[in-house]
Amino acid sequence: MSTAERQNHFINDIIDEDLRKGKNESRVHTRFPPEPNGYLHIGHAKSILLNSGLAEQYKGSFNLRFDDTNPLKEEDEYVDSIIEDVRWLGADWEDRLFFASDYFLQMFECALDLIKKGLAYVDDLTADEIRQYRGTLTEPGKDSPYRSRSVEENTDLFLRMRKGKFANGSKVLRAKIDMTHPNLNMRDPVMYRVLHANHHRTGDAWCIYPMYDWAHGLEDSIEKITHSICTLEFEAHRPLYDWFLNSLDMYHPQQIEFARLNLSFTVMSKRKLLQLVQEGHVQGWDDPRMPTISGLRRRGFTPASIRSFTEKIGVAKRDSMVDMALLEHCIRDELNKTAPRYMAVLNPVKVIIENFPEDKTEWLDAVNNPENPEAGKRRLPFTRELYIEREDFMEEPVKKFYRLSPGREVRLRYAYFLTCKEVVKDASGEIMELICTYDPATKSGNSPDGRKVKATLHWVSAQHSKTVEARLYDRLFSVENPVAEENFLDVLNRDSLKVISNVQVEPALGEINAGETVQFERMGYFIADTVESRSGIPVFNRTVTLKDAWARLLKHTQNTSKQKPAKKKKEVVPEEKGMITIDDFSKIDLRVGRVVEAGLVEGADRLIRLMVDIGEDAPRQIFAGIRSAYQNPAILVGKDVLVVANLKPRKMKFGLSQGMVLAGSGEDRLAVASFLSELQPGDIVR
RNA sequence: UGGGGUGUCGUCAAGUGGCCAAGACACAGGGUUUUGAUCCCUGCAUUCCUAGGUUCGAGUCCUAGCACCCCAGCCA
């Protein structure tokens, strides 16, 4: 494939240094070691392209090796899909396709060797007991009672394990390291478990299977890998990787860890992807909404776009979440240069051109790809009846909408200027047809008088167009990080797939081959689905929309108009209309009060200090700004007034004001509301 | 609270003691345009998790904190 360009990251630095020192005879040999228990996703693509890219860059080698050490989870179906995906991505393993299961015998012999060295033992503890003996993060573990078996006994037992003399789970082979090691992985890890199960490649040849930590370093060592690159979660396993190889005194590759890829608006764990498939939330591993390689391929992504993406995201050790927008950018960037353009109307509305002859078909030239002159031209039929996009017409155009509306003139791409004269609706008010006229002088879209038009619309001839189906895909999840939710299924994007069956496309599109990608002008990039297209009847998958400034503008105004009514509910109702509800009113504790004392306040020329009896043990002190109306406060004494009793007390420099006295005010008047009645202080007013 | 990692713009990510802290995506503004696309221009971290320190000079070195991630499968 293409030659890998050097990227600057820490793994390059490590390799450069190794080469400088002449380590491994200056070889570079990498590998991609998938377990065939699921489909590959874009996170794997990052690893595949990293490993194979490094091999290319340093003129080394790259192996594809299946890490098939667990017969319970692995299947040939997955092997096949993985091979297809890695090949499609362009990684070249030449003749080096390997299986860990091919090394089972060598691994077995190595285990015997380790037993002989007194570094491994057969343990009879149950899985539960092993867990208990392991200790915790903060407490050391303790030795198994079987830890001190002799080399002879261990050898005998292990041989019999291999011969099938023991039941599943009854015995394991463990490395003898250190049960008090602060790294849990070093507390006598299990190397082999008894598993009477059929393996997808070795069948019934084995009934003991090696564990990852034991097997992986051996696989790398056997293949003479120089740099064994894996993801961060294996960092704590590296001491073990090193311990096994050192104990065996074998060729020793270097394990290097990097951060796995996380992509916004999707999930990347095999378990969750499997769940999406099994529970039918998507239509399979290759559903175009899936972040799997096969899903992306069916969606219309290309190896080059994925390669470009992995180059842009870089390689580092910090946990990160890459913006889906970057992946979308990469595929747009490529398809813009390569995809031939066609016209297709996703949501058609009929246009009738009054002044165009009924029986005439005019063939017009259209450019196949403005980015690539070599793509040539094609001819488009133009007739009296056309379809245009329903969204390209607005009977009452909003601000900044400059497409078609009554009385307005637009350009039909590669054709003529068109003016809307009349809107025809059905009984329900839905627009059925647009009656328009065209200007014959504007052929191929130019006006001789220099008249300008603000918009250019795509269109198809109603007589010639074909009806096809399209699937409009969107992001699978509605939030950036679905994994952060209680249940990631709760945030599945309900609109991730919209199937539309009445897409009107120009005739040439009927001839397209499955797997070909085109641009529907102004709408997006679409690929003819490889699974459901039939000869002459393509089914289109939308890979990605074009960037759309108008859609963004619309969204913004929608958002702001959505927010406004929400605000208005709070503010407008009480303020503009002067209304509160009965609930608001019932919050006010209004009492009858009798003024028992009233006087001026020293240093405050507006305030009067009142002592008001509202039926409580003691009168309340209330400061009221009513002095302008009561130069002689004494006249207030003995009057019955209305007091807001549950007003939050307010500290003033003259003292605490514990309520409010209602007063009425008008032009030049201010008076405390007082009254004569049978009501007594403390009575509630409603 | 054991061990292993990581902290630089909204998101990725360069930077390996010495010009005003690369670049990309996103975002905002402008220009060109027969795709409201593409393309082009402009803007976008006085600051690198925090606090001290070393130094003529620190994102880079030292010390002490803080935050986040991984590990207790007979999964990989």
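Basis for what follows: all heavy atoms, side chains included, without hydrogens, waters or symmetry-related copies.
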>> For a side chain to side chain donor-acceptor pair (under 3.5 Å) check, start with the C-alpha distance between A:Asn37 and A:Glu74, then their side-chain angles and the critical distance, and finish with the verdict.
In response: CA-CA 5 Å; A:Asn37 68 343; A:Glu74 295 150 9; over 6 Å; no
>> For a side chain to side chain donor-acceptor pair (under 3.5 Å) check, start with the C-alpha distance between A:Gln254 and A:Tyr241, then their side-chain angles and the critical distance, and finish with the verdict.
In response: CA-CA 9 Å; A:Gln254 180 183 3; A:Tyr241 184 100; over 6 Å; no
>> Determine whether A:Thr302 and A:Ser305 satisfy the following criterion, side chain to side chain donor-acceptor pair (under 3.5 Å), listing intermediate values before the conclusion.
In response: CA-CA 5 Å; A:Thr302 60; A:Ser305 67; 3.2 Å; yes
>> The test is side chain to side chain donor-acceptor pair (under 3.5 Å); show your working for A:Glu362 and A:Tyr416 and say whether it passes.
In response: CA-CA 11 Å; A:Glu362 187 173 354; A:Tyr416 294 96; 2.6 Å; yes
> Can you check salt bridge (charged side-chain N to carboxylate O under 4.0 Å, His left out) on A:Arg201 and A:Asp102, steps first, answer last?
Replying inline: CA-CA 9 Å; A:Arg201 297 198 91 231; A:Asp102 290 341; 3.1 Å; yes
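Comparing the P positions of B:A51 and B:C9 gives an interatomic distance of 16 Å, to the nearest angstrom. Annotation: B:U8 and B:A72 have their C1' atoms spaced 35 Å apart (nearest Å). B:A64 and B:G4: their P atoms are spaced 15 Å apart (whole Å). B:C19 and B:C66 have their C1' atoms separated by 34 Å, given to the nearest Å. Of the P atoms belonging to B:C20 and B:A14, the separation is 23 Å, rounded to the nearest Å. B:A24 and B:A67 are spaced 27 Å apart, taking the C1' atom of each and rounding to whole Å. A gap of 43 Å separates the C1' atoms of B:C69 and B:G30, to the nearest Å. Of the C1' atoms belonging to B:G59 and B:A21, the separation is 8 Å, rounded to the nearest Å.
One finds the OH atom of A:Tyr192 at 6.5 Å from the CE atom of A:Met107 (value rounded to the nearest 0.5 Å).
Between A:Leu546 atom CG and B:U35 atom C1' there is a gap of 7 Å when expressed in whole angstrom units.
Between A:Arg193 and B:C75, a side-chain N or O to OP1/OP2 separation shorter than 4.0 Å is present. Contact annotation: A:Thr456 does not reach the phosphate of B:U33 (side-chain N/O to OP1 or OP2, under 4.0 Å). Between B:C12 and A:Arg318, no contact under 4.0 Å exists linking OP1 or OP2 to a side-chain N or O. Dashed line: the shortest gap from a side-chain N or O of A:Arg238 to OP1 or OP2 of B:G3 is not under 4.0 Å. The shortest distance between the side-chain N/O atoms of A:Asn8 and the OP1/OP2 oxygens of B:G15 is below 4.0 Å.
Among the heavy atoms of the strands, none lies under 4.0 Å from A:Pro239. Contacts of A:Phe401 with the nucleic acid, taken as non-hydrogen atoms under 4.0 Å apart, include base atoms. Across all strands shown, A:His237 has heavy atoms under 4.0 Å from base atoms, whether or not it also approaches the sugar-phosphate. A:Glu235 comes within contact range of the sugar-phosphate backbone alone, with a heavy-atom separation under 4.0 Å but no base atom that close. Using a 4.0 Å heavy-atom criterion, one finds that A:Val544 contacts no nucleic acid atom at all. Residue contacts for A:Leu412: at a heavy-atom cut-off of 4.0 Å it reaches no nucleic acid atom on any strand shown. Across all strands, A:Met321 comes closer than 4.0 Å only to sugar-phosphate atoms, never to a base (heavy-atom distances). Among the heavy atoms of the strands lying under 4.0 Å from A:Pro210 are primed sugar atoms or P, OP1, OP2 only; no base atom is included. Within the 4.0 angstrom heavy-atom criterion, only backbone atoms of the sugar-phosphate kind lie near A:Met211; the bases stay farther away. Nucleic acid contact for A:Asp13: base, since at least one base atom lies under 4.0 Å from a heavy atom of the residue. Counting any heavy atom pair closer than 4.0 Å across all strands shown, A:Tyr402 reaches a base atom. Residue A:Leu125 is classed as a base contact, given a heavy-atom separation below 4.0 Å to a base. At the heavy-atom level, A:Val172 lies under 4.0 Å from base atoms of the strands shown. A:Phe234 comes within contact range of at least one nucleobase, with a heavy-atom separation under 4.0 Å.
In this structure, A:Asn369 and A:Thr126 both approach RNA chain B, and ranking their closest nucleotides by distance from the 5' end singles out A:Asn369. Comparing A:Arg413 and A:Ala259, the nucleotide of RNA chain B nearest to each residue sits closer to the 5' end for A:Ala259.
RNA chain B lies under 4.0 Å from at least one heavy atom of each of the following residues of residues 131-141 of chain A: A:Arg131, A:Arg134, A:Thr136, A:Leu137, A:Thr138.
Judged as a ring-ring contact (aromatic ring centres under 6.0 Å, His included), and not counting sequence neighbours, the contacts of A:Phe401 are A:Trp550.
Proximity note for A:Leu184 (side chain, C-beta onward) versus B:C71, B:A37, B:G36: the nearest is B:C71. Ranking B:A76, B:C69, B:G3 by closeness to the A:Pro182 side chain, first place goes to B:G3.
The nearest pair of heavy atoms linking A:Lys171 to A:Asp124 is CE-OD1, 3.2 Å. Between A:Leu240 and A:Pro189, the shortest heavy-atom contact is CD1-CG, 3.6 Å. Scanning both residues, A:Arg149 and A:Val122, for their nearest heavy atoms gives NH2-O, 2.9 Å. A:Ser465 approaches A:Gln504 most closely through the heavy-atom pair OG-OE1, 2.7 Å. Between A:Ala344 and A:Val503, the closest heavy-atom pair is CB-CG1, 4.4 Å.
Between the side chains of A:Glu77 and A:Tyr39, a donor-acceptor pair is found at a separation under 3.5 Å.
Across all strands shown, B:A22 remains unpaired; no Watson-Crick or G-U wobble contact has both distances below 3.5 Å. Across all strands shown, B:U6 forms a Watson-Crick or G-U wobble pair with B:A67, both key distances being under 3.5 Å. The pairing partner recorded for B:A45 is none, the criterion being a Watson-Crick or G-U wobble arrangement whose two distances lie under 3.5 angstrom.
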> For nucleotides 22-32 of chain B, read 5' to 3', which letter fits each nucleotide if B means a protein heavy atom sits under 4.0 Å from the base, S means only the sugar-phosphate is that close, and - means neither?
Replying inline: --SSSSS----
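The aromatic ring of A:Trp550 is stacked on the base of B:G36, with the two ring centres less than 5.5 Å apart and the planes inclined by under 30°.
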